[in-house]
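A short write-up of the structure that comes next.
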Amino acid sequence: MHETAIALEILRASQETVAQHGGGKLVRVKVAVGELAAVEPELLRYAWEAATAGTSAAGAQLEVAFCPAVQRCPSCGPVPREPGAWVPLWLSCGAPLLVERGTELDLLQVEFEPDGGGHEPSR
Amino acid sequence: MSQAVDVRTQVLEANRRAAAALREQFVRAGTLVVNLISSPGAGKTTLLEATVARLSRNFQVGLLVGDIATERDAERIRRLGLPAYQILTGGACHLDARQVEGALEKAGFGALDMLFIENVGNLICPTNYDLGEDFKVVLLSLTEGDDKRFKYPAIFARAQVALITKMDLAPVVQFDLAAVEQQIRTLNPAGEIFRVSARTGEGMEAWCQRLVRQLAAKRG
């Protein structure tokens, strides 16, 4: 249930980014959430609504890019797996398994309407 | 017209930085730091009472105890005459590095050989937050049932040490110890497992020696 704390941290970091770029109103935030990050995307969206409500970021969209886990055995190569299952060992050879993707919890992009609008955005 | 800025940082970047600063501070001070994680009722506080009772003869030991409410756990430790500071998270289900930083300032422990951080009872959320510790310990008690490591794999994969607690109850509960240990090893081949009972003292010496060895290694 730490999605609330994660959402507040996404909001804080996003607002910081906006401030660093001259200030403005948050419109959209893109985050990457890995399958093994112990964060539920659906709960995160609810938490985001609650975190932004009543703030200057109210109405800002949270876009969650879900990253499925990819695991690889150093000797056997990519490991086929069931979605949602954690397979830390490639059992046929017993070698330690590498997690290549799926632990992401990243802030990717922050979109905002600059203060004192009217000028062209500097993309 | 809106403007888009590519950021590409970890969401928990601020926590990562705070944890890195704490880790540096602990290296300079030569303090071994252990982050204890388990579900509520697995016996974190009882294990810590028994651990510090043994270690405090020879080492300066401090405890930070995280809970949503009440000072009960810190009081239990203070009754043993040991320095403990309660972090009240006010609803949050985990500790973060900034809370640890703030608590250390307020606690005024002085020079410590070992610092134990008892996280909020929860097997999921604390897993994401680095506290600057040397290693995480996950506790699994015999009364919790033997399928927990499948439901909450991340902490078993990330904790360097797994403690199977309440071993004194082994004769009266259904718990397939060998199978559980095999599966914890599957989740974390490099991890270590200790079977302990704070009540009877079983395994406590091995666990405490493990801590003393790592403290010595940290101080080189």
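Reminder, nothing fancy here: chain letters follow the sequence lines and each chain counts from 1.
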Please determine whether the number of non-hydrogen atoms from other residues, nucleotides or ligands lying under 6.0 Å from atom CD of B/E71 exceeds 12.
yes
Atom CD of residue position A/E40 - does it have more than 12 heavy atoms of other residues, nucleotides or ligands inside 6.0 Å?
no
Checking B/D6 against chain A: side chain, backbone, both or neither under 4.5 Å from a heavy atom?
both
d(B/I124 CD1, A/H2 NE2) to nearest 0.5 Å is 8.0 Å
Tell me whether the count of non-hydrogen atoms from other residues, nucleotides or ligands lying under 6.0 Å of OH in A/Y46 goes above 12.
no
Answer yes or no: are there more than 12 heavy-atom neighbours, outside A/R12 itself, under 6.0 Å from its atom CZ?
yes
Which answer fits A/A13, side chain, backbone, both or neither, if we ask what part of it has an atom under 4.5 Å from a heavy atom of chain B?
neither
Can you find a pair of side-chain heavy atoms, one from A/D106 and one from B/R8, that are under 4.5 Å apart?
no
Please identify, among A/V18, A/I10, A/T17, A/L105, the residue contributing the most non-hydrogen atom pairs under 4.5 Å to chain B.
A/L105
Under 3.5 Å, is there a donor-acceptor pair linking the side chains of B/S2 and A/E113?
no
Of all the residues in residues 9-26 of chain B, which have a heavy atom that comes within less than 4.5 Å of a heavy atom in chain A?
B/T9, B/Q10, B/V11, B/L12, B/A14
Structural part of A/R28 lying under 4.5 Å from a heavy atom of chain B:
neither
Under 4.5 Å, heavy atom to heavy atom: which of residues 19-27 of chain A reach chain B? Give them by number, or say none.
A/H21, A/V27
